[in-house]
Undergrad: 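Attaching a single structure in structure tokens format; questions to follow.
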Amino acid sequence: MADPSPLLSLLLLLFSLPTSTTQTPSLALLKWKSSLLQSHSLHSWTTNTNPCTWFGITCASNNRDRAFTVTKINLSNASLSGTLHAFDFHSFPSLTQLNLSFNALHGPIPPTIAAMSSLLELGLYNNQFTNHIPPTIGNLTRLTVLYLDDNDLSGPIPIEIGDLKNLVELDLDSNNLSGPIPASLGNLTQLTSCYLYQNSLSGAIPSEMGGLLSLEVLQMDYNLLTGPIPPSLANLTNLSTLSASNNSISGSIPPQLGSLANLVVLGLSFNRLTGPIPSMLGNLTQLVILSIMNNQISGSLPKELGNLAKLTELEISSNRITGDIPPEICRSGALQHFAAFDNSILGSLPKSFRNCTGLVRVRLERNRLVGNITDSIGVYSYLEYMDLSDNRLYGELSPAWGECSNLTLLKISRNNITGGIPSEFGKLTNLRVLDLSSNFLTGEVLVQLSRMGSLYNLSLGDNKLSGRIPPEIGKLSNLQSLDLSMNYLSGSIPEEIGSCSQMISLSLRRNNLNGSIPHQVGSLTSLQMLLDLSHNSLVGVIPPQLGNLVSLETLNLSHNQLSGSIPPSFQDMIGLTSIDFSYNELEGPLPNNKAFREAPVKSFIHNAGLCGEAQGLLLCNSSSIKKQTGRGNHRVLLYVLVPIAVFLPLSCMLVGLVLVMRSRKKSIVEVPIEETTDIFAIWDFDGRVVYEDIIKATEEFDEKYCIGKGGYGSVYKANFPTGQVVAIKKFVPLKDSGIDDEISFRSEIQALTKIRHRNIVRLFGFCSNTQCMFLVYEYMDRGCLASVLSNEEEAVEFDWVKRVNIVKDVSQALSYLHHDCVPLIIHRDIKSNNILLDSHYKACVSDFGTARFLKPDSSTWTTVAGTYGYLAPELAYTVRVTEKCDVYSFGVVALEIIMGRHPGELIASLSGDQNALLLRDVLDQRLPLPSNDVSDEVILVVIVALACLSANPQSRPTMQHVSQKLISCKFPQVLNHFDDLKFTELMDLEI
């Protein structure tokens with residue numbers, strides 16, 4: 001038999017070794033600290049100190065051997081950046097709490113986290129963790145609190161979470177989780193709160209969740225859930241909040257939900273629910289909020305809703321509800337928000353409505369309500385917003401409503417209201433929107449309305465108002481939209497109207513106005529949408545000052561008695577897209593403006609003698625004189641360099657300055673650079689195109705190739721035989737330019753040639769001589785952003801994903817100009833007309849700094865540059881242009897993209913109280929509301945835009961920060977759901 005001593009020695013050695021490679025807690029923490037990218041808060045973590053004194057560390061002592069055990073790690077909001085790769089979870093078997101929330105930790109959650117078998121609370125929320133939730137998390141069977149919200153976690157919710165039988169709070173919201181809600185969640189019988197909203201969860205709500213008898217809060221909003229609401233949820237008798245809005249849930253509302261006696265919030269809006277509102281919901285006596293808007297719910301409102309004595313918000317809009325409003329709807333007087341618009345509700349407003357003194361917001365527009373409005377509407381001290389438009393209400397406006405001092409919006413348009421406008425309405429000093437159009441109002445436009453200093457939208461059109469327009473209208477300094485059309489107003493247009501400097505739209509059509517057009521209307525340089533003075537009895541000449549309205553899009557002066565010519569200054573109105581001068585006594589040539597050249601013949605009929613190149617008009621004598629083309633100067637011409645794929649290949653790369661001469665045989669002669677200063681070279685392209693080729697492609701810059709006009713010239717589309725399409729921007733020559741100006745011009749163009757960015761229109765080349773100057777740019781198929789937004793068909797195709805991407809494109813272009821170019825380049829004229837789109841909706845910024853490049857020493861550089869409506873407010877008191885001016889203009893454009901129209905009215909109201917303004921109300925109504933997968937990005941765009949619109953330039957973010965924020969799509973936490981998001985909440989969020 002062998003000697004056992006060697007084997008015994010080996011066994012003794014094995015038993016003497018440590019049973020684990022686990023580090024001490026202090027060494028484990030120091031190792032993790034060393035792996036972090038940022039850990040300033042952990043300066044107390046050193047090798048020569050007791051770890052129990054370290055920041056965020058809690059220990060427990062063992063009195064027997066005086067040993068210490070780490071029991072809690074709380075490093076919330078400690079500015080940590082890094083991963084958990086180096087965190088040794090095995091070193092903390094006694095840890096009961098791990099809180100790493102509100103940091104910048106990223107990467108996956110390691111599966112080894114399951115080694116902390118004693119853990120009771122795990123908080124990793126508000127970080128940047130990615131990848132899946134590890135299934136091993138189900139091994140933490142003692143866990144009572146699990147917070148993983150506000151990260152970038154993806155993949156399914158692991159079914160192993162159902163093994164956490166002691167779990168009380170589960171928060172997984174605001175991630176990218178997908179797949180179904182696991183039925184195993186029904187095993188968590190101790191669960192009191194479950195937050196699953198703002199993910200991409202799909203499938204049906206599992207009926208097993210009806211077993212969570214301790215559950216108090218269940219939020220599943222903003223997912224992709226389908227199928228019916230399981231009746232088993234009626235078992236959750238402790239439930240106080242049940243919300244599943246913004247999904248695709250179908251079927252009817254289970255009547256059994258009426259047994260949830262403790263329910264305070266029921267939110268089922270923006271789904272596909274059908275059937276009636278169950279009368280059993282009247283049993284929910286604790287209910288405060290009932291939101292079921294934007295479904296397909298039918299039937300009438302059950303009278304049992306009058307039993308909901310604590311109900312403050314009732315939102316049932318955009319359904320198929322019929323019948324009357326129950327008299328008991330506001331029995332208790334607690335109702336504050338009542339939204340039932342876009343239904344087919346019949347009958348009159350119940351008289352009990354007068355006693356609903358707590359009302360703050362009422363939206364009943366677009367129904368079939370009848371009855372006397374005077375008998376139904378009372379005085380509401382808290383009322384901020386009331387819209388009763390598009391009904392069949394009659395009666396008169398009550399003078400008592402002038403006591404609703406908090407009112408910011410009152411719309412009763414398209415009803416059958418009679419009588420006059422009470423002078424007491426002048427007390428409504430907080431009113432911003434007053435729309436009484438399309439009724440049967442009589443009397444005059446009251447002087448008292450001028451007291452409404454906050455008013456920015458006044459619409460009294462299509463009534464029977466008479467008398468004069470009061471000169472006091474000029475006191476409404478914030479007024480942006482004024483519609484007095486289709487009344488019986490007489491007298492002249494008051495000169496004081498020119499003081500309404502914020503005006504964007506003005507319509508006085510179809511009245512009995514006489515006299516001349518006051519030249520002060522030309523001071524309304526913010527006018528953009530509309531100036532309509534048609535169908536009156538105006539006489540005299542058209543004031544040339546109207547040419548100052550360079551942003552105006554629609555101008556209608558038809559059906560008057562105007563005489564003389566259309567002022568040449570109108571050629572500067574580059575924003576015009578629609579004009580009408582018909583039925584006047586006008587004569588003479590049309591202004592040289594694209595809108596005039598392309599206007600239909602009906603825009604000029606029945607005048608004394610207009611002439612020009614528009615359809616249906618005779619040519620003016622001066623237009624028959626063929627312009628000289630300067631052919632004598634073609635012996636020495638400039639080449640524009642273009643890509644090799646288009647033009648003649650060269651044997652070498654062209655760089656620097658090159659002068660070429662072209663003979664009739666098209667032979668090319670190169671001249672040394674030092675012999676001339678008449679040519680610029682563009683960056684490294686392997687080809688060239690001569691001046692004559694551009695002249696030929698545009699037929700000597702014929703107007704039919706013109707695709708746009710600006711203050712410094714025109715833009716032409718040039719098609720070459722090779723198939724290449726370019727845009728030619730031809731400038732008006734500088735009459736008084738000298739050699740210094742030419743050198744400066746070239747220096748600036750040379751700077752432009754160095755710009756290379758996918759979101760900036762490419763400059764292929766340029767030409768400059770005594771006859772003309774032009775730039776050659778890439779051609780963008782879809783034209784400018786403004787045109788796409790104004791076209792109904794294109795706007796519908798222009799969906800939310802495309803719009804968000806365009807905002808990102810513009811932000812990246814400006815970030816490049818401001819932060820990557822040396823020296824930085826300030827655009828100075830960011831607007832929707834200067835953002836061009838290709839066939840795939842990629843956005844490119846164009847026309848930056850043209851005025852400075854053309855004549856840098858000109859006094860125009862010290863005057864206000866840019867376009868009204870997009871200019872930063874500080875330019876009203878300073879001429880110093882900084883990059884923060886571009887940031888402000890970007891904010892305007894971003895909102896314009898989201899709203900589908902210029903946001904001037906909204907911007908003017910930002911300094912006031914926005915409690916009544918909902919985000920969904922200002923989105924482009926031509927599109928459906930954003931779906932779950934893009935709604936967060938739309939909200940983020942609005943938040944970023946509002947930050948850019950800060951009145952204080954120093955408070956605006958940089959474009960680099962804006963671009964990074966939009967690309968990362970890190971969404972700030974918003975408390976309310978999309979359908980009731982208020983601007984006050986978005987304005988308060990920081991980016």
Side-chain angles (χ1 to χ4, degrees), residues 18-62 65-134 136-137 139-140 142-154 171-172 174-175 964 968 970 973:
T19 58
S20 171
T21 58
T22 301
Q23 308 172 79
T24 64
S26 58
L27 290 177
L29 290 173
L30 289 173
K31 181 180 179 182
W32 179 56
K33 174 188 175 183
S34 66
S35 74
L36 296 176
L37 302 176
Q38 181 173 316
S39 57
H40 303 308
S41 299
L42 308 184
H43 63 274
S44 62
W45 291 21
T46 60
T47 55
N48 56 356
T49 57
N50 185 342
C52 296
T53 64
W54 292 355
F55 170 77
I57 304 301
T58 302
C59 297
S61 62
N62 187 328
D65 54 11
R66 296 186 178 180
F68 291 90
T69 302
V70 175
T71 58
K72 295 182 180 180
I73 300 177
N74 187 347
L75 299 175
S76 176
N77 203 17
S79 301
L80 304 180
S81 178
T83 71
L84 295 180
H85 293 312
F87 196 105
D88 185 4
F89 296 100
H90 292 91
S91 298
F92 303 95
S94 301
L95 199 68
T96 61
Q97 182 194 63
L98 177 61
N99 187 350
L100 303 178
S101 60
F102 290 100
N103 284 293
L105 300 173
H106 56 277
I109 300 173
T112 53
I113 198 169
M116 297 187 295
S117 56
S118 299
L119 204 61
L120 301 177
E121 299 181 16
L122 176 58
L124 303 180
Y125 55 99
N126 281 91
N127 278 284
Q128 299 164 21
F129 288 114
T130 55
N131 291 5
H132 295 189
I133 300 173
T136 56
I137 209 163
N139 296 334
L140 301 175
R142 298 185 62 188
L143 210 60
T144 61
V145 174
L146 176 58
Y147 291 152
L148 302 179
D149 51 297
D150 285 279
N151 282 287
D152 294 316
L153 298 170
S154 58
D171 197 341
L172 304 178
S174 304
N175 280 288
Q964 292 171 350
S968 68
K970 187 62 179 175
Q973 179 64 43

Undergrad: For R142 versus S117, what's the shortest heavy-atom pair and its separation?
TA: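 Shortest heavy-atom separation between R142 and S117 comes out as CD-O, 3.6 Å.
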
Undergrad: What class does the angle between the rings of W45 and W54 fall in, given that below 30° is parallel, 30 to 60° is tilted and above 60° is perpendicular?
TA: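 Because their plane-to-plane angle is under 30°, the rings of W45 and W54 count as parallel.
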
Undergrad: Does T130 have any side chain to side chain contact (heavy atoms under 4.5 Å, CB included) partners at least two apart in sequence or in another chain, and if so, which?
TA: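 Expected list: D152.
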
Undergrad: Show the nearest heavy-atom pair for residues T47 and L30, with the distance to one decimal.
TA: CG2-CD1, 3.5 Å

Undergrad: How close do S91 and D88 get, counting heavy atoms only, and between which atoms?
TA: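 Where S91 meets D88 most closely, the heavy atoms are OG-OD2, 2.8 Å.
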
Undergrad: Are side-chain heavy atoms of N151 and I109 found at a separation under 4.5 Å?
TA: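 No, their side chains stay 4.5 Å or more apart.
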
Undergrad: Please report, to 0.1 Å, the donor-acceptor pairs under 3.5 Å made by any side chain of residues 72-86, with sequence neighbours excluded.
TA:
from, atom 1, to, atom 2, distance (Å)
N74, OD1, S76, N, 3.3
S76, OG, S101, OG, 2.9
T83, OG1, H85, N, 3.3

Undergrad: On a heavy-atom basis, which atom in Q97 and which in L119 lie closest, and how many Å separate them?
TA: N-CD1, 3.7 Å

Undergrad: Can you name the nearest heavy-atom pair linking L140 to I113, along with the distance?
TA: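 Residues L140 and I113, closest heavy atoms: CD2-O, 3.7 Å.
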
Undergrad: Quick one: closest heavy-atom pair of N50 and T53, and the distance?
TA: O-OG1, 2.6 Å

Undergrad: Can you list the steps and then say if V70 with T58 is a side chain to side chain contact (heavy atoms under 4.5 Å, CB included)?
TA: CA-CA 6 Å; V70 175; T58 302; over 6 Å; no

Undergrad: Please enumerate all residues that pass side chain to side chain donor-acceptor pair (under 3.5 Å) together with S26, with sequence neighbours excluded.
TA: T24

